[in-house]
Amino acid sequence: MNKEQKNHFFQVLPIINLILAIMIIFHHVFNLNVDVDKAPMHGGILLNISECAVPIFYFISALLFYRNFDGTKKAYVTKIKSRLFSLALPYLIFNILGYIKHIVFSHKSFDFFDCIRSLIISDTVPLWFVRELMFLVILSPLIYQLRKKLSWGILLSGLCIIGVVVGIIPYRSFLYWFPIYFIGSLMSVHQVESIAQKISDQKFLAGSLFLLYLIFAWFLPNTKENMNYYGNFIFITFRLFSIGFALFLVAMIDVYHMVAQHLGEYSFFIYCVHFPLITLIARILEKFSTSDQTLLVRYFVTFVLTFLLSIGFAQLLERAIPQVWYILNGGRKTDRYKRERYG
């Protein structure tokens, strides 16, 4: 493997992040505009294809965290400080903004304790996955030991899966995502690149992975109600299988898509701002039409406008007030920020 191949994962990572951000928008626009219990089959597959976004997010987060974490107190403090700025601070800021949006749209008065409750459960912006990732970061010394005592890590992962299937571990809990996160913590970037290289070299394997993913997504149950054991089992299995789809993406993405790489730098910001934009755009479009005949048009218009406005808002902040942009983006430096800040 040559030098360029060794850097392949980090070259394609911004593009993968962009794909995940697009899937998140896709998923939330669907949830907002469409009753999934009454959606036609094509609606189900549209929703389910995007179900891989959160599992891949946790897998990659663990992969990146543990690639240079040695379990020492010094490394732990360094990681905590870094994540306070890259995760906790944006989480607080955007949840506060989300709460303000909520009381404005619902014509409610500000309530301090209600605001604190909203910050904790993240019910006005869907950043719960950032909150749960922070819990996993806090538990990193324990997870590091479980990596060394693999049998205990596998046992805990198995217990978490059982808890998910029987319905005692909810979707928005770090325990739900622990098995996927733990797998990510066990793998190195080199291993991911090696597997991706094999997938890339074997077109039949690559095509099979992609086809299996589509078939799996097609047969996922679609409902907003509580699922039975079978539904819980199918979904957690699909989310574990999403790791394979992540490897497929690493293998198949062309590193020379420079525009996609640049837009991928805004993926975290898209996570943070897309939901309020979806709400606003959907309300505006509903003033023109609420009929089922225009549902598909409203869906795709909402999706496209949300993506474009998220990118546009990010670039506006980046150019106009780069210091604020840097904070809102969790300290993630884009190429433009680097050029304008450091020359």
Side-chain angles (χ1 to χ4, degrees), residues 17 20-34 53-54 57 83-135 137 170-174 224 265-288 290 298-299 301-332 334 337:
N17 287 336
L20 299 185
I22 290 172
M23 284 186 170
I24 289 293
I25 298 174
F26 204 82
H27 193 84
H28 286 148
V29 173
F30 195 98
N31 269 339
L32 192 65
N33 284 336
V34 182
V54 176
F57 169 82
R83 268 50 181 188
L84 284 174
F85 193 75
S86 64
L87 297 176
L89 184 57
Y91 176 86
L92 289 173
I93 292 172
F94 282 105
N95 271 285
I96 290 171
L97 293 175
Y99 181 74
I100 293 171
K101 179 219 69 171
H102 167 69
I103 62 175
V104 169
F105 274 83
S106 57
H107 306 290
K108 294 181 178 179
S109 57
F110 180 84
D111 184 304
F112 176 77
F113 293 105
D114 188 49
C115 180
I116 297 299
R117 178 199 60 80
S118 181
L119 288 178
I120 293 172
I121 67 174
S122 191
D123 61 348
T124 59
V125 287
L127 291 178
W128 60 268
F129 64 94
V130 174
R131 178 194 65 216
E132 299 308 310
L133 179 58
M134 289 188 286
F135 281 125
V137 168
Y171 175 76
R172 296 187 175 189
S173 165
F174 70 89
K224 289 183 179 179
E265 296 177 335
Y266 303 116
S267 57
F268 181 79
F269 187 78
I270 294 173
Y271 291 148
C272 295
V273 303
H274 76 279
F275 200 75
L277 287 174
I278 290 173
T279 305
L280 179 62
I281 294 167
R283 287 199 176 200
I284 293 173
L285 293 178
E286 285 172 359
K287 293 184 180 297
F288 295 94
T290 57
R298 285 187 285 118
Y299 172 83
V301 169
T302 304
F303 168 75
V304 172
L305 287 179
T306 299
F307 177 73
L308 293 178
L309 288 173
S310 297
I311 295 294
F313 189 33
Q315 292 182 337
L316 178 64
L317 283 172
E318 185 183 26
R319 294 176 182 179
I321 37 178
Q323 295 84 359
V324 173
W325 157 254
Y326 183 68
I327 293 171
L328 293 178
N329 203 37
R332 296 164 181 83
T334 59
Y337 180 88

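In what follows, every heavy atom counts, from backbone to side chain, and hydrogens, waters and symmetry copies are set aside. Counting from 1, the numbers follow the sequence of the chain as shown.
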About how many Å separate CD of Glu265 and CZ of Arg332, when rounded to the nearest 0.5 Å?
12.0 Å
Is there a side-chain contact between Leu20 and Ser267, using heavy atoms and a 4.5 Å cut-off?
no
Please report the shortest heavy-atom distance between Thr124 and Ser118, naming the atom on each side.
CG2-OG, 3.5 Å
Using a 3.5 Å distance criterion without hydrogens, assess whether the side chain of Arg83 forms a donor-acceptor pair with backbone atoms of Met134.
no
Is the shortest side-chain heavy-atom distance between Val125 and Cys272 below 4.5 Å?
no
Within a 6.0 Å radius of atom CZ on Phe110, are there more than 12 heavy atoms belonging to other residues, nucleotides or ligands?
yes
What is the distance from atom CG of Leu285 to atom OG1 of Thr302, rounded to the nearest 0.5 Å?
4.5 Å
Could you check if a side-chain atom of Asp114 sits within less than 4.5 angstrom of a side-chain atom of Lys108, using non-hydrogen atoms only?
no
A side-chain contact here means heavy atoms from C-beta on lying under 4.5 Å apart; do Ile327 and Phe85 qualify?
yes
Validation row: Ile311, Ile270 side chains within 4.5 angstrom (heavy atoms):
yes
Are the ring centres of Tyr91 and Phe129 closer than 6.0 Å?
no
Does Phe313 CZ have over 12 foreign heavy atoms under 6.0 Å away?
no
Kindly compute the distance separating CZ (Phe275) from CD1 (Ile24), expressed to the nearest 0.5 Å.
11.5 Å
Rounded distance (nearest 0.5 Å) linking atom CZ of Arg298 with atom CG of Leu305:
13.5 Å
Tyr271 ring center within less than 6.0 Å of Phe94 ring center:
no
Where is the tightest heavy-atom contact between Glu132 and Phe174, given as atom of each residue plus distance?
OE1-N, 2.8 Å
Checking side chain to side chain contact (heavy atoms under 4.5 Å, CB included) for the pair Val301/Phe288: CA distance, chi angles, key distance, verdict?
CA-CA 13 Å; Val301 169; Phe288 295 94; over 6 Å; no
Hey, does Tyr99 have a side-chain heavy atom less than 4.5 Å from the side chain of Leu119?
no
Is the side chain of Tyr326 donor-acceptor paired with the backbone N or O of Ile321 at a distance under 3.5 Å, no angle test?
no
Kindly write out the residues that satisfy side chain to side chain contact (heavy atoms under 4.5 Å, CB included) with Ser109, not counting sequence neighbours, or none if the list is empty.
none
Rounded to the nearest 0.5 Å, how far apart are OG of Ser310 and CD1 of Ile278?
8.0 Å
Any carboxylate oxygen within less than 4.0 angstrom of a Lys/Arg side-chain nitrogen, looking at Arg117 and Asp123?
yes
To the nearest 0.5 Å, atom CG of Leu309 lies from atom CG of Leu280 at 8.5 Å
